[in-house]
Every structure is written in structure tokens, then in C-alpha cells.
Amino acid sequence: MPQQIITVSTDRSPEDVFAYLADFRSVAEWDPGVTNVELVSGTPGEGDAVYDVTTSSGIELRYEVTEFIPGHRFTLIADNGRFRSVDVISVERGGAGAVATYDATLTFSGSLRFLSPFLGPIFKRVADKAGAGLERALDGKLV
């Protein structure tokens with residue numbers, strides 16, 4: 001079960017950072033592994049939102065917000081039958097600005113679960129690129 005945690009510190013306000021990240025359409029701006037995000041239903045940046053995400057490898061995922069604590073944390077889950085992605089994004093006050101943490105966990109199903117040890121390093125490379133993109137988007141630095 002590969003897991004990657006990205007933490008970025010920024011001078012931007014926690015409110016601004018949360019609003020930016022909670023509208024999950026922003027992931028296409030900072031994650032080079034994502035080519036398109038569309039709001040399917042609900043309100044962008046709110047607890048009822050559902051997003052269709054297309055990755056650069058052509059995988060399509062439907063992410064549903066399953067937990068939403070305004071201004072603090074939200075959880076998105078996508079499950080396409082081959083794997084389940086659970087992404088928890090939280091924002092805390094940090095110094096004069098904010099600290100954003102993106103915690104992504106993949107759980108593979110069927111025969112893919114046996115490949116999990118080999119897929120972990122690939123997931124890390126993808127997450128490292130996303131972390132660099134998030135760092136740029138928030139005008140911050142990886143912690």
C-alpha cells in the first residue's frame with residue numbers, strides 16, 4: 001500500500017491555501033500527472049463536490065469528497081476497481097502563513113496488489129513531481 005505525504009510551507013494565509021486546494025480542479029494546475037479535472041456535481045471547494053480526473057497516463061478517476069472540515073481538512077476517495085486512492089489534504093496555520101499537507105494512499109486490488117512493492121517507487125516519482133508543482137503553486141517550500 002504505497003503512501004506519499006507532501007508538505008509545503010507558504011507565506012499565504014491558511015484561508016487562501018485551503019480555498020485553493022479545496023476546489024480540487026486546481027490539481028490540474030500543479031500536478032503534472034493530471035491533465036484534466038471536471039466538476040461533476042456539487043459545489044467546487046465544498047463537501048458535496050465530485051470531480052472527474054484524467055491523468056497523463058489516460059486513467060480516469062472519479063474523486064468524491066467524503067470528509068470536509070471547512071478551512072482545515074478534506075478527504076477525497078477514488079476507486080476504479082483496480083485501485084483505490086485516498087487523498088487527505090489539510091491546512092494549518094504555520095508561522096506567518098500556512099502549512100499544507102497532501103497525504104495520498106493507494107490500495108491495489110486483484111493481481112495488482114502483488115505488484116504493489118514495484119508500483120510504490122513509481123508512485124513516489126509521481127508524488128515528487130506533484131510536490132514540486134504544489135510548492136510552485138503556493139509560492140512555498142517543501143518541508
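Computed from a prediction, not measured in an experiment: that's the story for all the values here.
With sequence neighbours excluded, the residues satisfying salt bridge (Lys or Arg N to Asp or Glu O under 4.0 Å) with Glu15 are Arg93. Partners of Asp23 under the salt bridge (Lys or Arg N to Asp or Glu O under 4.0 Å) rule, at least two apart in sequence or in another chain, are Arg25. Here Arg125 pairs with nothing under the salt bridge (Lys or Arg N to Asp or Glu O under 4.0 Å) rule; sequence neighbours left out. Shown here are the ring-ring contact (aromatic ring centres under 6.0 Å, His included) partners of Phe74, two or more places apart in sequence or in another chain: Phe18. For Asp139, the salt bridge (Lys or Arg N to Asp or Glu O under 4.0 Å) criterion is met by no residue, not counting sequence neighbours. Judged as a ring-ring contact (aromatic ring centres under 6.0 Å, His included), and not counting sequence neighbours, the contacts of Tyr102 are Trp30.
Between Ser109 and Arg82, every side-chain heavy-atom pair lies at or beyond the 4.5 Å cut-off.
When hydrophobic side chains of Ile, Leu, Val, Met, Phe, Trp and Tyr are connected at separations under 4.5 Å, Val126 ends up as a singleton with no cluster partners. Cluster partners of Ile69 are absent, since no Ile, Leu, Val, Met, Phe, Trp or Tyr has side-chain heavy atoms less than 4.5 Å from it.
No donor-acceptor pair under 3.5 Å is formed between the side chain of Asp128 and the backbone N or O of Gly131.
Counting only residues at least two apart or in different chains, side-chain hydrogen bond (donor to acceptor under 3.5 Å, both in side chains) contacts with residues 64-79 comprise Glu67-Arg73, Glu67-Thr75, His72-Glu92. For residues 53-62, the salt bridge (Lys or Arg N to Asp or Glu O under 4.0 Å) pairs, not counting sequence neighbours, are Asp52-Arg62.
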- Query: Passes side-chain contact (heavy atoms from CB on, under 4.5 Å), Tyr63 versus Ile77? Steps please.
  - Reply: CA-CA 5 Å; Tyr63 277 92; Ile77 296 178; over 6 Å; no
- Evaluate side-chain contact (heavy atoms from CB on, under 4.5 Å) for Val17 paired with Tyr20, printing each intermediate quantity in order. CA-CA 5 Å; Val17 171; Tyr20 176 72; 5.8 Å; no
- Run the side-chain contact (heavy atoms from CB on, under 4.5 Å) check on Arg84 and Phe108 step by step: do they pass? CA-CA 6 Å; Arg84 178 181 175 95; Phe108 295 98; over 6 Å; no
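The two atoms that bring Ala98 and Ser13 nearest to each other are CB-C, 4.1 Å, heavy atoms only.
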Distance-only donor-acceptor hits, side chain of residues 34-43, under 3.5 Å, sequence neighbours excluded:
from, atom 1, to, atom 2, distance (Å)
Thr35, OG1, Thr54, O, 3.2
Asn36, ND2, Glu38, OE2, 3.2

With a cut-off of 3.5 Å and sequence neighbours excluded, list every side-chain donor-acceptor pair involving residues 1-10.
from, atom 1, to, atom 2, distance (Å)
Gln3, NE2, Asp103, OD1, 2.8
Gln3, NE2, Asp103, OD2, 3.1
Thr10, OG1, Arg12, N, 3.2
Thr10, OG1, Leu138, O, 2.5

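Cluster annotation: Phe68 and Ile89 are assigned to the same hydrophobic cluster (Ile/Leu/Val/Met/Phe/Trp/Tyr, side-chain heavy-atom contacts under 4.5 Å, transitive). Put simply, Val88 and Val99 are part of two different groups of oily side chains (I, L, V, M, F, W, Y) that touch within less than 4.5 Å, one to the next. Taken together through direct or relayed side-chain contacts under 4.5 Å among Ile, Leu, Val, Met, Phe, Trp and Tyr, Ile59 and Val86 form parts of separate hydrophobic clusters.
Atoms OG and CG, from Ser26 and Leu21 in turn, are 5.5 Å apart once rounded to the nearest 0.5 Å. Between atom CZ of residue Phe24 and atom CG of residue Asp31 there is a gap of 8.0 Å, rounded to the nearest 0.5 Å.
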